[in-house]
Amino acid sequence: MNPKNILVLAVVLLAGVCPAQVEIKNPRCEYLSNPAGIDAASPRLSWIITSTQRGGKQTAYQILVATSEAALRAGQGDLWDSGKVASDQTAQVLYAGKPLASGQRAWWTVRVWDAAGRPSESSAPAWWEMGLLTPDDWHGKWIGRTNLAGLAADQAPATPELRRAFTLEGKIKRARAYVIGLGYFELSINGHRIGDHLLDPGYTRYDRRLLYVTHDVTSALQAGENVMGVMLGHGWFDVSTKAAWDFDKAPWRATPRLLLELRVEMEDGRTVTISSDEQWKTSDSPITFSSIYGGENYDARLEQPGWDAPGFKDDSWQPAVVADAPKGQIVAQAMHPIRVTKVIQPIAVTEVEPGVYVFDVGQNLTGNAGLNISGPAGAKVTLRYGEMLDGKGRVDQSNIAVHVWRFNRNQQFQTDNYTLKGQGVERWRSRFNYNGFRYVEVTGAPGKLTTANLAINFFHSDVPEAGNFETSNPLLNRIWTNGRWSYLCNLFGIPTDCPHREKNGWTGDAEVASEQGLFYQDGITVYEKWIRDLADEQRSNGALPGIAPTGGWGYGFGGPPWDSALLIVPWNLYQYYGDSTALKQHYEESRRYVDYMTTRAKSGIVNIGLKDWSPWKANTSPGVTDTGYYYRDARIVAAVARLLGKEDEAKKYDALADDIRAAFNKAFFNAETGSYSTGTQTALGCALYQGLAGPENEERVVTNLVAAIARTDNHLDYGYLGAQYVPSALAAHGRADVAYTMLTQTTQPSYGWQIAQGATTLWETWDGSGSQSGSLNHTFFGDVNAWMMKTIAGINPDPAAPGFKHILINPQVLGDLTFAKGSYDSVHGLIASEWTVKDGQFRLNVTIPANCAATVSLPISDPAQVRESDQPASGAPGVTLLRTAGKRSLFAVQSGVYLFSGPLASQTAPAP
Ligand code: BGC
């Protein structure tokens, strides 16, 4: 045998014997771990590869999907055997096996082959379970306590509870409950609450789409008598509070109602189905008032102990009333649920007036207060939630109740009333609403109160944490933390503007918050759901409302900066997850929107929307910002057309974009001064950020932008749009230093000033509580955190290889920073970048996930002086010198962990 053949044989033998140097982690289906209730016919499967070696890679995969765990363990993919697929794809692999039936569980595993062709161990068995796939799967009727629709503004019929007793004979194998309880529901079986979700089902436009929730209730059921109990809240389905957005007149509005399907598989092969119908009985619950804006009133004296358990006498209960079915299409809620993620003890309580206790949570947040109290029956305790205190130290709701009180000052707002039953220690929390607050004012409570009387439940959509960021500058760290709080406080199955005053899915807010949000949390499930909500609202002419969902309010309101969420949020999902599903799914709606803008444009300029919202002093013509989005949208449509193989349409929308850019420059560019429009920070930032400025003029525009900032003493002078454009435009054109100076100011207007005033979240206005209706918990100024992750930690997605398949690591040493670290758990695994500067030496620790690669740009002028883990970087395993750019050295880096070091260049400039 010649030596070459011996080598080949050795490789073949090794591949067979040695396990691969890669491990498989985090198998997920539709971005969820072992989800029940999936209705995508070809769900997306993803996993992560880790490797202890540099350059660790997957060269092939094989997925097995089986009807049982046993079959899977025996290596049988009786539903699907993908075979060995030569591919490095680890995310969004579409299931392509046998069609799956309603309720069917599919077990799956994946193994991969590494760069040397060695197979890995198979991943631990994971599963997903299909939901109810067709309308015929639902055997029940919609039921409620009443069947009223089109209620009067202040009409809030009691909040019902429903019960159904039934007997199961034999051994239970498996049971699932599929539930839509509108507005919100809590399900219990045999006296025990099922699951830990709050505010289910997710808020949608109920006459277009309804979400059902799937629960595994196997262990809750027993042989013999069982009882299901459902409590219903009004939520967004039945808003009785009159407020600015007319939800009291929503076309879907009706009294609470339930559709439920319980499927019990018995060991003997029978399936028992219990559905919602007239066999259910109903009564008023102890909740006497429930409103998403108003709060909840609960009279514990009305409790009927045991109502949701066997043995209860329900003779006085009435049969459930069959209710009209809401018109929406029924789909699975395949989304991370809302749940409590922290329970916080208040940091202080003060008796500000006799009997008036104000609790300070120490943090502005969302959720409610769990009451822990004893006293005589009939005593009524009132909890008022707010984020400010008045001069007397009492809770001041004026900034957040403004759009409710202007209709009637007596409307209850963010207030709970609990009436004691007088039996020992009573614990209670509201069920079907949430509040935005830092302070809780408690009145009417018997005895002296201490911080132990309240436990604060922080809840929001519980999407997994993705990113973290820290530097040597405590101010930046606080901006990051405040931003994350505001983001989570504004994620309730939809991204919202603020968690108290409006709780609305303001589209523009969601759009500018999406990049920071994706860095904070793995929120794709919520975004995909919400983009469907938004698409559901599009009118046939292409128009979109400013809020989604909406009951009809808000069309012709925000204009392109708001509406473009329909395109930009899916675009960001594509950049961050490499997943084009939402982009492709909403291509037609996106195209229709751009066409609609074309009908609204005059000589290529759109000027129909709101201006750069919540500015400091300078105002910018909406013509500038509207047209900027019109341009960007046209480019996105062209790009998606290309992804879909529609080359003609791609060309058409690229040509449109070229025309828009020409029109924009004709209308707003002053060739003499190199400025745009009135030369505001926002106008100049917009031209650069949206790619509208001609390359030949960019330098002059940047100079003008820097000068404009200098004129405001290096302070920002913009609203929420400028807040996204200006720092990014500066960083992209070598002036991150100016952005840094501006963003670290501590005098007004600045983040630092807000923080000096005690801000624990981001505010809506630069003058904060000074403004009458300013919320203190808005996300839309938080893009600064995406900027910090990209510019300071230097972690950037590469548009040429979406989903961080290729990563641009481009950290910048700014101001007085001596260290910074950022990490992001991407769809391909952990990306980390951590640098320090000491004695003129720059050191960077980088982690690039297996199966990915990066370009690492270092602020070290001479590549020959760059070292990687004690050897010259050029030639280190996994590292290749690419080029120098300005005072930076750029290296191509394979997956793995690296430590680069070298002398810090005197001035840093970003890599082109
Ligand atoms: C919201 C904003 C929103 C704006 C648009 C406000 O009331 O809170 O965040 O984008 O309205 O008009």
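Counting starts at 1 for both ligands and their atoms, in listed order. All residue numbers in this chain count up from 1 along the given sequence. Excluded from the calculations below are hydrogen atoms, water molecules and symmetry mates; all remaining heavy atoms, backbone and side chain alike, are included.
With hydrogens and angles disregarded, a donor-acceptor distance shorter than 3.5 Å links the side chain of S750 to the backbone of W753. Put simply, the side chain of S514 never gets that close to the backbone of V569: no donor and acceptor are under 3.5 Å apart. D509 places no side-chain N or O within donor-acceptor distance of the main-chain N or O of W562, the cut-off being under 3.5 Å. Panel note: side chain S677, backbone G679; no donor-acceptor pair is recorded below 3.5 Å.
Every atom of ligand 1 with a heavy atom of F557 under 4.0 Å away is listed here by number and element: 12 (O). Numbered from 1 in the order shown, with element, the atoms of ligand 1 that lie under 4.0 Å from a heavy atom of D497 read 1 (C), 8 (O), 9 (O). Here is the list of ligand 1 atoms found below 4.0 Å of a heavy atom in L610: 5 (C), 12 (O). Atom numbering of ligand 1 starts at 1 in the shown order; those under 4.0 Å from a heavy atom of D509 are 2 (C), 3 (C), 9 (O), 10 (O). In the vicinity of F780, heavy-atom distances shorter than 4.0 Å reach the ligand 1 atoms 9 (O).
The aromatic ring centres of W236 and Y293 sit less than 6.0 Å apart. A ring-centre distance under 6.0 Å is found for Y520 and Y487.
Ligand 1 is approached by R501 to a heavy-atom distance shorter than 4.0 Å. Within the 4.0 Å heavy-atom cutoff, Y720 does not count among the residues contacting ligand 1.
Shortest contact from atom 4 (C) of ligand 1 to any protein heavy atom: W613 NE1, 3.4 Å.
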ring-ring contact (aromatic ring centres under 6.0 Å, His included) evaluation trace for Y385 with F413: CA-CA 8 Å; Y385 300 83; F413 183 81; over 10 Å; no
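Nearest to atom 7 (O) of ligand 1 by heavy-atom distance, out of H778, E502, E764, K503, is E502.
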